[in-house]
Trainee: 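Here it is, the structure in full.
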There are 2 protein chains.
Amino acid sequence: MSNQDDGAEDRSNGEIKDTVLGSLIGYQLKRAYMQIQPHAQAALAEDSLRVVSFSCLSIIVDNPGIAQSELATALQMERSNLVIVIDELEERDLINRNKVPTDRRRYALTATLRGRHLRDRAAERVSRVEAEIVDRLNEDDRARLMSVLEKVRDRLAS
Amino acid sequence: MSNQDDGAEDRSNGEIKDTVLGSLIGYQLKRAYMQIQPHAQAALAEDSLRVVSFSCLSIIVDNPGIAQSELATALQMERSNLVIVIDELEERDLINRNKVPTDRRRYALTATLRGRHLRDRAAERVSRVEAEIVDRLNEDDRARLMSVLEKVRDRLAS
DNA sequence: TATTGTTATACTCTATAACTATA
DNA sequence: TATAGTTATAGAGTATAACAATA
């Protein structure tokens with residue numbers, strides 16, 4: 001048998017082919033997110049915030065009076081899983097649970113001054129980190145991002 | 001006090017503002033992924049495949065002879081968490097663990113004919129589902145996707 | 001000494017069911 | 001009867017440490 005293409009690809013250079021997987025938008029989105037997420041996480045950790053805490057705080061800052069249910073819907077998470085996050089933000093004096101006279105079942109969530117300032121600072125940090133990461137992406141990673149950009153844009157051309 | 005903007009935004013229409021959060025690439029990527037993932041998951045479930053099983057199978061099909069460590073690196077997961085996935089693919093006769101004479105520590109993973117066919121069919125299914133979803137995105141979701149496209153493209157303009 | 005595959009385990013995230021108090 | 005917040009719990013997914021076999 002000759003050295004022609006018999007399906008056993010040459011991987012002696014250590015490169016892994018993911019042609020089929022890489023053609024899927026979901027895979028590319030996940031990969032792109034996985035590049036960014038740890039850095040965003042690290043940036044938020046400087047303010048002792050998790051990604052979910054920051055997301056909640058940010059939505060509360062921009063939507064004063066929002067209820068926990070509404071917040072859960074906005075972030076596409078279960079309201080049961082939101083409770084301890086809100087607890088923590090409240091304990092850190094970043095937000096308040098305000099009683100609503102017209103509906104005593106719900107809380108009106110509002111950010112404190114401290115919460116608003118922390119949100120702004122944290123958002124600034126994450127923005128900076130994201131910009132740095134995208135700038136430092138290597139050839140493969142850039143290709144990945146461009147790939148998902150193109151695919152989604154093609155499908156959106158309507 | 002008048003009815004002017006005092007920071008308490010009007011949310012009577014039920015719309016939630018996420019201006020700051022929405023300006024972050026990571027958030028947009030995650031949101032976009034969360035739109036696609038459940039549908040891809042459902043499509044793969046028709047072949048009793050999880051996303052991780054399909055990803056592994058797909059990489060093995062395209063890289064015959066790959067080792068578990070290499071596969072773990074390619075998919076950015078721990079090799080310890082890969083073991084049961086590979087076990088399952090092997091039990092379903094979709095791949096083989098082949099002994100490598102020159103290095104008896106590693107296995108050379110190869111897909112069976114059945115595995116290659118299943119991968120092709122599953123990939124086709126996911127592609128179709130992804131296309132449908134992107135087509136059916138509502139105004140908000142499209143705006144989200146365009147947002148991340150623009151942001152990343154701006155940063156990549158080099 | 002370092003690496004591959006493996007096991008066990010812990011930790012986080014997410015999902016579900018059920019409860020209470022209100023509407 | 002339905003909804004908001006809450007609790008408890010189960011299930012994924014992911015991360016870490018340690019081990020045997022081999023390099």
Side-chain angles (χ1 to χ4, degrees), chain A residues 11 14 26-27 30-31 33-35 37-38 40-42 44-45 48-56 60 63 65-91 95-110, chain B residues 11 14 16 26-27 30-31 33-35 37-38 40-42 44-45 48-56 60 65-91 95-110:
Chain A
R11 294 191 8 268
Y27 174 72
K30 185 175 188 180
R31 289 295 297 244
Y33 179 66
M34 286 171 76
Q35 301 297 320
Q37 201 273 347
Q41 192 172 55
L44 291 170
S48 303
L49 283 170
R50 286 182 300 154
V51 171
V52 65
S53 324
F54 169 72
S55 302
C56 288
I60 295 168
N63 301 272
I66 191 173
Q68 289 180 201
S69 287
E70 296 173 312
L71 181 55
T73 302
L75 293 175
Q76 290 190 251
M77 56 185 291
E78 296 298 320
R79 57 193 206 291
S80 58
N81 294 325
L82 206 65
V83 179
I84 51 168
V85 181
I86 301 298
D87 283 349
E88 194 211 318
L89 292 175
E90 192 181 31
E91 277 159 27
I95 65 159
N96 290 123
R97 277 182 168 105
N98 308 288
K99 300 212 168 187
V100 178
T102 56
D103 187 344
R104 286 157 54 198
R105 290 172 305 181
R106 79 210 306 269
Y107 289 125
L109 303 175
T110 53
Chain B
R11 293 189 10 266
I16 304 297
Y27 175 73
K30 185 175 188 180
R31 289 295 296 244
Y33 178 66
M34 287 171 75
Q35 300 296 319
Q37 201 274 346
Q41 192 173 55
L44 291 171
S48 303
L49 284 170
R50 287 183 299 154
V51 171
V52 65
S53 324
F54 170 71
S55 302
C56 287
I60 294 168
I66 191 173
Q68 289 180 201
S69 287
E70 295 173 314
L71 181 55
T73 302
L75 292 175
Q76 290 190 252
M77 56 185 292
E78 295 299 320
R79 59 193 202 290
S80 58
N81 294 325
L82 206 65
V83 179
I84 52 168
V85 181
I86 300 299
D87 283 349
E88 194 211 318
L89 291 175
E90 193 182 30
E91 278 159 26
I95 65 159
N96 290 124
R97 277 181 169 105
N98 307 288
K99 301 211 168 188
V100 178
T102 55
D103 186 345
R104 286 158 55 198
R105 291 173 304 181
R106 78 210 308 269
Y107 289 124
L109 303 175
T110 54

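The structure presented is a predicted model; accordingly, all values stated were derived computationally and were not measured. Letters A, B, ... are given to chains in the order of the sequence lines, protein chains preceding strands, and every chain is numbered from 1.
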Trainee: For Met77(A) and dT6(D), give me the distance from atom CE to atom C1', rounded to whole Å.
Mentor: 14 Å

Trainee: Once you round it to whole Å, what is the distance between P of dT14(C) and CD of Gln37(B)?
Mentor: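 Rounded to the whole Å, the gap is 11 Å.
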
Trainee: If every non-hydrogen atom of Arg106(B) is compared with every non-hydrogen atom of Ala67(B), which pair is closest and at what distance?
Mentor: NH2-CB, 3.2 Å

Trainee: How long is the line joining CD of Glu78(A) and C1' of dT3(D), in whole Å?
Mentor: 15 Å

Trainee: Under 4.0 Å from OP1 or OP2 of dG5(D): is there any side-chain N or O of Ser69(A) that close?
Mentor: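 Answer is yes, contact under 4.0 Å.
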
Trainee: Rounded to whole Å, please give me the gap between CZ in Arg106(B) and P in dT6(C).
Mentor: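 So the two atoms are 13 Å apart, to the nearest Å.
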
Trainee: Whole angstroms only, please: what is the CG-P distance between Asn98(B) and dT4(C)?
Mentor: 18 Å

Trainee: Can you name the closest pair of heavy atoms from Leu89(B) and Leu49(B) and give their distance?
Mentor: CD2-CD2, 4.4 Å

Trainee: If the cut-off is 4.0 Å, is Gln76(B) near the phosphate of dT14(D), judged by side-chain N/O to OP1 or OP2?
Mentor: no

Trainee: When you check the phosphate oxygens OP1 and OP2 of dT7(D), does a side-chain N or O of Arg79(A) lie under 4.0 Å from one of them?
Mentor: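 Checking Arg79(A) against dT7(D): no side-chain N or O falls below 4.0 Å of OP1 or OP2.
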
Trainee: Can you check the Tyr107(B) OH to dT22(D) C1' distance for me, whole Å?
Mentor: 12 Å

Trainee: Using a distance-only criterion (donor-acceptor N/O pair, under 3.5 Å, no hydrogens), is the base of dT14(D) paired with the side chain of Ser80(B)?
Mentor: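 Side chain to base: no pair present.
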
Trainee: Could you pick out which residue, Pro101(A) or Val83(B), lies toward the 5' side of DNA chain C when each is mapped onto its nearest nucleotide?
Mentor: Val83(B)

Trainee: Rounded to whole angstrom units, what separation is found between the CG atom of Leu82(A) and the P atom of dA4(D)?
Mentor: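 The distance from CG of Leu82(A) to P of dA4(D) comes to 13 Å, rounded to the nearest Å.
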
Trainee: Taking all heavy atoms of Cys56(A) and all of Leu82(A), pick out the closest pair and write down the distance.
Mentor: SG-CD1, 3.6 Å

Trainee: Look at Arg105(A) and dA21(C) and indicate whether a side-chain polar atom (N or O) is within less than 4.0 Å of OP1 or OP2.
Mentor: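 It does not, given that no N or O in the side chain of Arg105(A) lies less than 4.0 Å from OP1 or OP2 of dA21(C).
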
Trainee: Could you state the CG-P distance from Asp103(A) to dA4(D), rounded to the nearest angstrom?
Mentor: 8 Å

Trainee: If you check the Arg104(A) side chain, which of dT22(C), dT7(C), dA4(D) turns out closest?
Mentor: dT22(C)

Trainee: Report yes or no: does Asn96(B) contribute a side-chain atom to a donor-acceptor pair with the main-chain N or O of Thr110(B) at less than 3.5 Å?
Mentor: no

Trainee: Judged by each residue's nearest nucleotide on DNA chain D, which is more toward the 5′ side, Lys30(A) or Asp87(A)?
Mentor: Asp87(A)

Trainee: Which heavy atom of Glu88(B) sits nearest a heavy atom of Ser53(B), and at what distance?
Mentor: OE1-OG, 4.2 Å

Trainee: So which one's nearest nucleotide on DNA chain D is more toward 5', Ala108(A) or Asn81(A)?
Mentor: Ala108(A)

